[in-house]
Chemist: 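Please find one structure pasted underneath; my questions will follow.
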Amino acid sequence: GAVVSQHPSWVICKSGTSVKIECRSLDFQATTMFWYRQFPKQSLMLMATSNEGSKATYEQGVEKDKFLINHASLTLSTLTVTSAHPEDSSFYICSARGGLVTSGSQYEQYFGPGTRLTVT
Amino acid sequence: GQNIDQPTEMTATEGAIVQINCTYQTSGFNGLFWYQQHAGEAPTFLSYNVLDGLEEKGRFSSFLSRSKGYSYLLLKELQMKDSASYLCAVRDRKELSFGAGTTVTVRA
């Protein structure tokens, strides 16, 4: 299957600083990338959807000025957590999809390994 | 969006069978997925159903009834390594939404 990487795999930062997380599709062109957040013992919550070359679409309740998403190329999307606070500590997972969504197409969305963010 | 429900926890014995149920409500149904997630790791794909019926893949099988908004994941011959969270996810026309996950604990 397709490979999606994330960097860093874990990061610890101080409150008030910004952290950038990279998501790369290694062997396919990702027209759409998704960013999820997962708190302990909870499910993945979609934060935003980004299409290459256009602005990201944020889910309700997610602050676009705090979680900056850039999808500048077909293989790279970045999530920047600005002015991080302890409540932003979470597991951030990106997912990439190439092409159009069609019925019967099952292997379209691939997940990265996740980034564990701890804000102290 | 979707409303996806699955049990929070299940416990079973090594070698046994466990069935994890998932019910959902959605418009524009475009497939149901099951993922396995170990603690601290990203989800890994297990199965996909878009038509009614049973899909079998080794020790894991998944069933779908679109009219009932119902699916289950069947894990056979449980092994200790199967202890994980199992996520039911439903896709509509454009996005994938996840249930809260079912934590399965396999005991010796």
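To find a chain, count down the sequence lines: A is the first, B the second, and so on, and within it residues start at 1. As the structure is a prediction and not an experimental result, all values here were calculated from the model.
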Chemist: Salt bridge or not between B:E55 and B:K57? Use side-chain N to carboxylate O under 4.0 Å.
Modeler: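 The answer is no: the pair does not qualify as a salt bridge.
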Chemist: Who among B:G40, B:A39, B:A89, B:G31 has the most heavy-atom pairs with chain A under 4.5 Å?
Modeler: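 Sorted descending by pairs with chain A, the first entry is B:G40.
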Chemist: Under 4.5 Å from any heavy atom of chain B, what part of A:Q6 do you find: side chain, backbone, both or neither?
Modeler: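 Neither part, no heavy atoms under 4.5 Å.
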Chemist: Considering only heavy atoms, which portion of A:I93 lies under 4.5 Å from any heavy atom of chain B: side chain, backbone, both, or neither?
Modeler: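 Just its side chain gets close to chain B.
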Chemist: Is there a side-chain hydrogen bond (donor to acceptor under 3.5 Å, both in side chains) between B:D52 and B:S65 once you walk through the steps?
Modeler: CA-CA 5 Å; B:D52 291 350; B:S65 170; 5.1 Å; no
Chemist: Do we see a donor-acceptor contact under 3.5 Å between the side chains of A:E52 and A:Q29?
Modeler: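 No, no side-chain donor-acceptor contact under 3.5 Å.
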Chemist: Using the rule ring pair (Phe, Tyr, Trp, His ring centres under 6.0 Å), only one of B:Y48, B:F98, B:F60 pairs with B:Y35; which is it?
Modeler: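 Among the candidates, only B:F98 passes.
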Chemist: Using non-hydrogen atoms and a 4.5 Å limit, figure out which bit of A:Q60 sits close to chain B: side chain, backbone, both or neither.
Modeler: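 Looking at A:Q60, nothing touches chain B.
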